[in-house]
Amino acid sequence: MTDRFRHAMRLMRRHAPQLREDGFALLRAHAGEHLDQLVAEFRQEHDQGLRCWLLELIGAARDERALPLLAEQLYSPDESLRSWAASGLRRLNNRQARRLLYEAGLNDTKPQLD
């Protein structure tokens with residue numbers, strides 16, 4: 001785990017809202033570089049707000065390796081997680097992501113089967 005990632009996660013866990021935002025901003029610019037760590041943090045995190053932020057960052061990475069987690073969270077009982085998963089899939093915008101959105105009823109157009 002890089003120092004930047006550890007520092008940003010410490011900030012995101014602080015109680016001061018501005019520090020939390022600062023930590024999020026540090027990771028947003030480098031989400032793709034930290035995808036594996038973000039997924040690991042998401043899987044072990046219990047704080048609802050932080051889980052949403054982590055899933056938002058995972059989607060912002062626009063990395064196909066995030067597809068399994070985004071697909072899983074697309075059917076989460078938590079509406080916020082479902083929403084961030086759908087947003088991440090829309091950002092990814094590949095054939096499989098579009099198919100997942102269509103199958104979940106979150107996309108009006110049928111995906112192409114090239």
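- With sequence neighbours excluded, the residues that form a side-chain contact (heavy atoms from CB on, under 4.5 Å) with A86 are L74, R90, L101, L106.
- Inter-residue side-chain proximity for R10 and H7 is flagged as met; some heavy-atom pair is nearer than 4.5 Å.
- Using modelled atom types, one side-chain atom of R98 and one backbone atom of N93 make a donor-acceptor pair closer than 3.5 Å.
- Pairs of residues two or more places apart, or lying in two chains, that qualify as ring pair (Phe, Tyr, Trp, His ring centres under 6.0 Å) and include a residue from residues 25-60 are F5-H34, F24-W53.
- The two residues C52 and S80 come nearest to each other via the heavy atoms SG-CB, 3.5 Å.
- With sequence neighbours left out, the salt bridge (charged side-chain N to carboxylate O under 4.0 Å, His left out) criterion links R13 to E41, E45.
- Every residue two or more places apart in sequence or in another chain that forms a side-chain hydrogen bond (donor to acceptor under 3.5 Å, both in side chains) with Q48 is listed here: D78.
- A side-chain hydrogen bond (donor to acceptor under 3.5 Å, both in side chains) check over residues 61-75, counting only residues at least two apart or in different chains, returns the pairs D36-R65, R43-E72, D63-R65, E64-N94.
- A search for side-chain contact (heavy atoms from CB on, under 4.5 Å) contacts involving E79 returns R82, not counting sequence neighbours.
- Taking the side chain as every heavy atom from C-beta outward, L55 and L70 approach each other to under 4.5 Å.
- Put simply, the side chain of L54 reaches to within 4.5 Å of the side chain of L50, judged on heavy atoms.
- Checked against salt bridge (charged side-chain N to carboxylate O under 4.0 Å, His left out), E103 has no partners two or more places apart in sequence or in another chain.
- Under the side-chain contact (heavy atoms from CB on, under 4.5 Å) test applied with L27, the options Q37, E33, M9 reduce to a single match, M9.
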